[in-house]
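All remarks here apply to the structure that follows.
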Amino acid sequence: MSSQPNVYGEKFVLRLLKKNENIKNIFDLGFPLTEDELKKSINKRNSITIIAAPTGEGKTTTLYSIIDYLNRPEINITTIEDPVEIRIDGLNQIEIDARSSFSGALRTVLRQDPDIILVGEIRDKETGEIAIQAGQTGHYVLSTIHTIDAIEVITRLRKMGLSDYDIASTLATSISQRLVRRLCPKCKRERKFNEEEKRIITAIAKRYGVEFDLSRTTYDAIGCKYCNNTGYYDRIGIFEILDLTDEIKESIMNGKSSLDIKRQALQDSNYKPLVVDGIKKIIEGHTNLEELNRRLLIY
């Protein structure tokens, strides 16, 4: 619960957690990789995977789904969370309180012989340094950070005071995500893309060197009793995934800017920005251009 006085009185925000909520499969969340590609991107020893997004964009849900995907009886997985949102069998879950911190708990966890460590959030230099050390000493670390995209994870870690060497040697994958509303399956109405939509999508395709099949149909949000007359029901993630190649690691070591690293990622790796996955979700019928623009301001 959060409260804040304002000129009209007191404003309250409640965050409701379903303690017995089932973990969603990572692919049901909208994760764009195939299973083989996912295996290459996660569960690398001696490394860190960081999920980046603003508050409320589903970072923790994605972390839980990845951990659930990796969870096996022979793997020692420890999580440090604030709070523990979902309890998962087979995990050692630690909850941060007023007397503890991520960095303090992480120091203790390293003595517990973990294979995989989930740190709820990298908030400061101290936590970042210990997470880096954990990755450099044979562990696989998963965490989140508040920033706008996968490239800016590098900038954020730099601003915390972590060295380019530590970032380049340990960060294996950064993932950025946003949540968009799914079109209601009961009332969405099929139609062809109009000329303005084709123009917008074609411009994005040209900018990032991709192709989209605009001969397929899109959908309008209508509204019915099932979706409470909103036209949307549930949400789906859109993602961008940066796997750090040797060339990108070298750019980080050389102190290149985030713009230079992004240009190189677009040329040398499978990296594509959020908007590309968003348009794929439109063409697959999960959402529409209006909703994507509401989240990413693409036009």
Side-chain angles (χ1 to χ4, degrees), residues 2 11-33 51-65 85-86 144 146 148-150 175-208 210-241 272-299:
S2 173
K11 177 176 181 278
F12 284 88
V13 173
L14 294 176
R15 184 177 182 183
L16 304 179
L17 304 178
K18 296 182 179 179
K19 289 294 186 182
N20 297 318
E21 181 80 346
N22 291 326
I23 304 297
K24 288 188 177 182
N25 182 283
I26 185 67
F27 300 108
D28 292 340
L29 298 177
F31 209 70
L33 301 183
I51 299 175
T55 301
E57 295 291 346
K59 299 185 295 296
T60 303
T61 299
T62 301
L63 272 184
Y64 274 128
S65 295
E85 296 187 17
I86 302 174
T144 71
H146 286 95
I148 58 173
D149 62 32
I175 301 167
S176 181
Q177 67 180 67
R178 296 292 188 279
L179 295 176
V180 296
R181 293 179 296 175
R182 288 181 190 259
L183 289 161
C184 175
K186 304 286 187 181
C187 64
K188 64 181 182 180
R189 185 167 62 198
E190 187 176 10
R191 64 169 174 82
K192 295 287 187 181
F193 285 99
N194 62 40
E195 292 305 313
E196 178 65 8
E197 290 168 333
K198 287 181 180 179
R199 183 190 66 78
I200 292 167
I201 293 173
T202 300
I204 292 168
K206 185 176 180 181
R207 186 185 312 157
Y208 296 114
V210 295
E211 293 183 2
F212 298 113
D213 183 7
L214 297 181
S215 65
R216 297 174 63 176
T217 54
T218 186
Y219 295 87
D220 285 325
I222 303 302
C224 65
K225 186 181 291 186
Y226 182 75
C227 63
N228 200 26
N229 292 313
T230 62
Y232 300 94
Y233 190 87
D234 204 359
R235 293 188 290 180
I236 190 170
I238 56 174
F239 298 86
E240 67 177 42
I241 300 160
K272 292 292 183 292
L274 281 165
V275 66
V276 172
D277 189 47
I279 291 173
K280 288 179 180 177
K281 297 292 195 304
I282 292 169
I283 291 171
E284 291 167 359
H286 298 297
T287 190
N288 57 19
L289 194 61
E290 180 183 357
E291 173 65 6
L292 185 64
N293 185 60
R294 188 182 71 87
R295 302 299 294 122
L296 298 183
L297 298 176
I298 58 177
Y299 60 84

Are any side-chain N or O atoms of K59 and backbone N or O atoms of A53, one a donor and one an acceptor, separated by less than 3.5 Å? yes
For Y64, ring pair (Phe, Tyr, Trp, His ring centres under 6.0 Å) partners two or more places apart: none
List the steps, then state whether side chain to side chain contact (heavy atoms under 4.5 Å, CB included) holds for L292 with Y299. CA-CA 10 Å; L292 185 64; Y299 60 84; over 6 Å; no
Electrostatic pair K281-E284, nearest N-O below 4.0 angstrom: no
Run the salt-bridge test on E85 and R15 with the 4.0 Å N-O cut-off and return the result as yes or no. yes
Is atom CZ of F212 surrounded by more than 12 heavy atoms (other residues, nucleotides or ligands) closer than 6.0 Å? yes
For R189, look at atom CZ and say whether over 12 heavy atoms of other residues, nucleotides or ligands are found less than 6.0 Å away. no
Grab the two heavy atoms, one from [X] and one from [Y], that are nearest each other, plus how far apart they are.
{"X": "G56", "Y": "L179", "answer": "O-CD1, 3.9 Å"}
{"X": "I23", "Y": "S65", "answer": "CG2-CA, 3.9 Å"}
{"X": "G223", "Y": "C187", "answer": "N-SG, 3.2 Å"}
{"X": "C227", "Y": "Y232", "answer": "CB-O, 3.3 Å"}
{"X": "I236", "Y": "G30", "answer": "CG1-CA, 3.9 Å"}
{"X": "E240", "Y": "K272", "answer": "CB-O, 3.2 Å"}

Let me confirm one number: the [atom1]-[atom2] distance from [X] to [Y], rounded to the nearest 0.5 Å.
{"X": "I222", "Y": "T230", "atom1": "CD1", "atom2": "OG1", "result": "11.5 Å"}
{"X": "I238", "Y": "R178", "atom1": "CD1", "atom2": "CZ", "result": "7.5 Å"}
{"X": "C224", "Y": "Y233", "atom1": "SG", "atom2": "OH", "result": "10.5 Å"}
{"X": "I86", "Y": "L63", "atom1": "CD1", "atom2": "CG", "result": "11.0 Å"}
{"X": "Q177", "Y": "T144", "atom1": "CD", "atom2": "OG1", "result": "9.5 Å"}
{"X": "F193", "Y": "L289", "atom1": "CZ", "atom2": "CG", "result": "8.0 Å"}

Regarding E197 and T218, is there a side-chain donor-to-acceptor distance under 3.5 Å anywhere? no
When you look at N288 and E291, which way does the side chain to side chain contact (heavy atoms under 4.5 Å, CB included) test go after all the steps? CA-CA 6 Å; N288 57 19; E291 173 65 6; 3.2 Å; yes
Salt bridge (charged side-chain N to carboxylate O under 4.0 Å, His left out) contacts touching residues 211-231 (sequence neighbours left out): R191-D220
Exercise answer: donor-acceptor pairs, residues 198-207 side-chain atoms, under 3.5 Å, sequence neighbours excluded:
unit_1: R199; atom_1: NE; unit_2: E196; atom_2: OE1; d: 3.2
unit_1: R199; atom_1: NH2; unit_2: E196; atom_2: OE2; d: 2.7
unit_1: T202; atom_1: OG1; unit_2: K198; atom_2: O; d: 2.6

Full working for side chain to side chain contact (heavy atoms under 4.5 Å, CB included) between F239 and L33: CA-CA 10 Å; F239 298 86; L33 301 183; over 6 Å; no
Measure the shortest side-chain to side-chain distance between S176 and L274 over non-hydrogen atoms and say whether it is less than 4.5 angstrom. yes
